[in-house]
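Written out below as structure tokens is the structure these notes cover.
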There are 2 protein chains.
Amino acid sequence: MDDTAQQRLKKVHDTLTRAERQLAGAILENYPMSGLGSITRLAEKAEVSTPTVVRMVQKLGYSGFPEFQAALREELEAQISNPIDKRDSWSNTAPQEHLLNRFTDAVIGNIRQTLAHIDPADFDAVAALLADEAQSVFIAGGRITHALSEYLHLHLQVIRGRVQHIPTTSNAWPHALLDIEPGDVVVIYDIRRYENSTLKLAEMAAARGARTVLVTDQWQSPISRFATYSFSCRIEAPSAWDSTVAMMLLSETLIAAVQEAAWERTRDRMGALEEMFDETRIFRKFV
Amino acid sequence: MDDTAQQRLKKVHDTLTRAERQLAGAILENYPMSGLGSITRLAEKAEVSTPTVVRMVQKLGYSGFPEFQAALREELEAQISNPIDKRDSWSNTAPQEHLLNRFTDAVIGNIRQTLAHIDPADFDAVAALLADEAQSVFIAGGRITHALSEYLHLHLQVIRGRVQHIPTTSNAWPHALLDIEPGDVVVIYDIRRYENSTLKLAEMAAARGARTVLVTDQWQSPISRFATYSFSCRIEAPSAWDSTVAMMLLSETLIAAVQEAAWERTRDRMGALEEMFDETRIFRKFV
DNA sequence: TCGATTTTGTAATCATAGTTTCATTGCCGG
DNA sequence: CCGGCAATGAAACTATGATTACAAAATCGA
């Protein structure tokens, strides 16, 4: 017997007494919200006594009111949660419990959570900031996030000039600070364990009047206090390491937005880049 | 001030303390369900004390926890009775056609397609290959995929020895070939436009008897003809560039699988690494 | 590094929710 | 009209939830 409370109510409806039927009616009236308050309020609303409520939920098979309420919450959660991640398995050739499926499940969850937390206005503002060639852009990453910062840098370079990459793990980064001017934009990736040098960099950049865009994890790098804009991405995964997929997604989406905002310029620069590639014969000549 | 609790949370986010932010994160994590239980359970889930919960909801402008909870219930009721804004978008604060939602849609599609095409047996075989310290591992990436190859290299380095990164865009890579011995594993990332130097590298590695693992796009790099194992990932996105999120996901899953297969060794190496970090004070001392 | 200040959790307290007991009520068959 | 039984709610009780007071810990500024 693990039906929903609603089903249980209907099933036992005939065996209920007068006051209990009255109560059942009140619950079903706006199901399941009315059941989420206190037992007292439910009793008041149904115009029965609280013991009646207890007796009835026990008839339904719950040990008591709290258990009944927990069941309601679970149902509601299932009803609300996004059907997109309800997919039973991603790789249908692999069993459900294969790492491929488990890991992907986690990552999709991360993506969903991350997107839910991003303020579109912030996102648009940052995209506009990065598209504007009036100020320079500096990009910094830590040990793990270096790959991401490099990736962002690589693409932004095509879209605009005045983009510089600062690898915080090297000791060359103080030099880069020299070039930072008030109004410039510093994009920093920082996830646990948060690096001291990165924090220092953010601090100094802020002191120089730069605007900081922070991409961090759900526990928030200490840098967030200096940051003009801050995006927190979920990074949990069934692994000894964190997953940066959500951050990668955010980065790519940002790149796409910036590119869209500065399409004229991007097209020209891409064209020039192509020509150079042709001359250097880095790429194959077909497709 | 009669915003939703969610809006209030975001609004005061900057003025919150560490524990409070942690709590806010837990509430937002599956909003609003997590707030509907008892204050104790919410505190437990957020790993803070109950007084912290009380203090924060008061900061939000509610007289106490019950009032906060009542507000949540009201919101939920309003949301449920309004089937109009049934959320099938990722960022529910952004319109469906916002780039954030469009891009994410595309990426999820990519992930789905990619996973559907991966042979779990191949995946397991490659994981086993990478976990086995009997042979050396070489990792190479192209212009765009360099970030990915670096990422894989960084993690594999912690799990095992004899891992080398070959940046194919430099002209130093022929030297790396000298070290390749029959049976060694070469992991190559190659997406369009496929680079000549990468192809050459694959060719020569094959000639030296190496086993090649190729991570490529859905159109398949010409390298696939030499590859022992080949994974093709979908990389389409509403952007002038491709999305490498699916490849990132595959890489991270591989890392997790390898780490699981070689957990004893990984744990030791991670421990040693931690010690070195402690000594060099790269990271902050807390969490 | 040290004192001041803020933040945070522990423990005590208070309030309310949930349960149980039991007397009252109403209903039915005699 | 009366005994017997089920149904119900009042009230007492218990458990848990929420709040407060305070002390420990962390952080900050000098």
Side-chain angles (χ1 to χ4, degrees), chain A residues 5 12-27 33-73 193-194 196 199-200 202-204 206-207 219-226, chain B residues 5 12-27 33-73 281 283-287:
Chain A
V12 298
H13 188 269
D14 298 333
T15 72
L16 294 179
T17 64
R18 193 220 88 233
E20 285 171 348
R21 252 197 290 276
Q22 198 173 315
L23 172 61
I27 293 176
M33 296 312 298
S34 46
L36 291 176
S38 77
I39 193 174
T40 319
R41 263 201 267 174
L42 177 58
E44 274 170 13
K45 196 181 172 198
E47 294 181 325
V48 297
S49 66
T50 54
T52 302
V53 180
V54 176
R55 280 189 287 262
M56 198 199 64
V57 298
Q58 282 171 350
K59 270 194 191 171
L60 293 180
Y62 303 100
S63 72
F65 188 76
E67 192 179 303
F68 166 72
Q69 206 172 47
L72 284 185
R73 270 200 301 273
R193 317 166 32 179
Y194 315 110
N196 279 320
L199 177 59
K200 204 80 199 161
E203 237 172 292
M204 294 175 76
W219 302 286
Q220 305 256 16
S221 152
I223 293 177
S224 63
R225 297 189 298 118
F226 304 104
Chain B
V12 299
H13 186 270
D14 297 332
T15 71
L16 294 179
T17 63
R18 203 246 331 137
E20 286 170 346
R21 250 198 291 276
Q22 200 173 315
L23 171 61
I27 295 176
M33 297 313 296
S34 46
L36 291 177
S38 76
I39 193 174
T40 319
R41 263 200 268 175
L42 177 57
E44 272 169 15
K45 192 179 175 199
E47 294 181 328
V48 297
S49 65
T50 52
T52 302
V53 180
V54 175
R55 281 188 287 259
M56 199 199 64
V57 299
Q58 282 171 352
K59 268 194 191 172
L60 292 180
Y62 303 100
S63 70
F65 188 76
E67 190 177 307
F68 166 73
Q69 208 171 47
L72 284 186
R73 270 199 301 272
R281 302 225 182 111
F283 294 107
R284 289 168 69 81
K285 270 287 176 310
F286 75 102
V287 180

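Convention: sequence-line order gives letters A, B, ...; per-chain numbering from 1. As the structure is a computational prediction, the values presented were derived from the model and not from experiment.
Side chain of B/F65, nearest nucleotide from D/dT8, D/dT19, C/dT19: D/dT19. In the set D/dA18, C/dT7, D/dA21, D/dA18 carries the atom at the smallest distance from any side-chain atom of B/S38. Of the candidate nucleotides D/dT19, C/dT8, C/dT20, D/dT19 has the atom nearest to the side chain of B/V54. Side chain of B/P66, nearest nucleotide from D/dA21, D/dA18, D/dG9: D/dA18.
At the heavy-atom level, A/T50 lies under 4.0 Å from base atoms of the strands shown.
Residues A/S34 and A/A26 approach most closely at OG-O, 3.6 Å, considering heavy atoms. Here the closest heavy-atom approach between residue A/E20 and residue A/K59 is recorded as OE1-NZ, 2.8 Å. Counting all heavy atoms, side chain and backbone alike, A/T52 lies closest to A/A19 at CG2-CB, 4.0 Å.
Between A/L42 atom CG and C/dT19 atom P there is a gap of 12 Å when expressed in whole angstrom units. When the P atom of C/dA17 is taken as reference, atom CG of B/L36 falls 16 Å away, rounded to whole Å. For the pair B/R21 CZ and C/dT7 P, the interatomic distance rounds to 11 Å; values are reported in whole Å. If you measure from atom CD of A/E47 to atom P of D/dT8, you get 14 Å, rounded to the nearest angstrom. One interatomic measurement links the two molecules: CZ of A/R41 to P of C/dG18, which rounds to 11 Å at whole-angstrom precision. Spacing between atom CD of A/E44 and atom P of C/dA17 amounts to 9 Å, rounded to whole angstrom units. The distance between atom CD of B/E67 and atom P of D/dT19, rounded to the nearest whole Å, is 10 Å. A/I39 has its CD1 atom 13 Å from the C1' atom of D/dT16, to the nearest Å.
One N or O donor and one acceptor, one from the side chain of A/R55 and one from the base of D/dG9, sit under 3.5 Å apart. A donor N or O paired with an acceptor N or O is not found under 3.5 Å between the base of C/dG26 and the side-chain atoms of A/R18.
Within the structure, a side-chain polar atom (N or O) of B/T52 is placed less than 4.0 Å from OP1 or OP2 of C/dG9. Residue B/T40 places at least one side-chain N or O under 4.0 Å from the OP1 or OP2 atom of D/dG17.
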Problem - Steps toward side chain to side chain donor-acceptor pair (under 3.5 Å) verdict (A/S224, A/S221) - result: CA-CA 6 Å; A/S224 63; A/S221 152; over 6 Å; no
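Looking only at side-chain heavy atoms (C-beta outward), A/F65 and A/L42 come within less than 4.5 Å of each other.
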